[in-house]
Amino acid sequence: VPGSAAEAAGLRTDDEILAIGRFSVEDGAAFQARQSYSRTERFRDTMQLELRNGSTDLLIRRAGNLQRVRLQARYGCGGQLALMNSSTLN
């Protein structure tokens, strides 16, 4: 999304976030049970926890290669992090 924290960090469509800070967001059981929201909830909770410090490193997979990017918190209304599963937005 233009102007977003994700864009400022350099995240791109189709980047896969594997870790937030030192925490892996992989959860094999939830990943295999596609009807489960536990992976999304774990991701959201971990991201919110890490961004309380102002920024966090993300380990991403882009086109098969691993790399780290730094995500800077943007303070706003104080609401919770919202996640959308999309192949068109970052």
Side-chain angles (χ1 to χ4, degrees):
V1 175
S4 69
E7 181 185 57
L11 289 172
R12 299 180 189 166
T13 300
D14 294 327
D15 284 351
E16 180 182 5
I17 299 173
L18 304 175
I20 302 166
R22 66 180 193 275
F23 302 101
S24 171
V25 295
E26 291 301 309
D27 181 344
F31 184 72
Q32 290 182 7
R34 298 248 182 227
Q35 294 80 17
S36 171
Y37 288 102
S38 64
R39 184 173 190 238
T40 301
E41 289 169 355
R42 181 178 178 180
F43 182 94
R44 181 201 62 215
D45 294 347
T46 303
M47 183 70 79
Q48 287 184 162
L49 179 68
E50 286 293 297
L51 287 176
R52 285 182 187 161
N53 296 323
S55 63
T56 190
D57 289 325
L58 304 177
L59 176 64
I60 65 169
R61 182 177 308 144
R62 177 180 294 156
N65 299 308
L66 298 180
Q67 67 183 78
R68 291 199 179 273
V69 297
R70 187 127 185 98
L71 183 65
Q72 184 69 41
R74 294 210 175 155
Y75 299 99
C77 65
Q80 287 193 330
L81 174 72
L83 300 174
M84 286 176 57
N85 230 350
S86 173
S87 62
T88 61
L89 297 174
N90 59 2

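Throughout, residue positions are numbered sequentially from 1 according to the sequence presented.
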Interatomic spacing from [atom1] in [X] to [atom2] in [Y] - rounded to 0.5 Å:
X: E50; Y: D45; atom1: CD; atom2: CG; value: 12.0 Å
X: L59; Y: E16; atom1: CG; atom2: CD; value: 9.5 Å
X: I60; Y: I20; atom1: CD1; atom2: CD1; value: 12.5 Å
X: I17; Y: T46; atom1: CD1; atom2: OG1; value: 11.5 Å

Hydrophobic cluster membership, L11 vs F23, 4.5 Å side-chain cutoff: no
Output yes when R68 and D57 qualify as a salt bridge under the 4.0 Å nitrogen-oxygen rule, no when they do not. no
Measure the shortest side-chain to side-chain distance between M47 and L58 over non-hydrogen atoms and say whether it is less than 4.5 angstrom. yes
Restricting to non-hydrogen atoms, name the atom on A9 and the atom on R70 that form the minimum distance, rounded to 0.1 Å. CB-O, 3.2 Å
Smallest separation among heavy atoms of L71 and L51, with atom names: O-CD2, 3.8 Å
Okay, side chain of Q67, backbone of R61: is any donor-acceptor separation there less than 3.5 Å? no
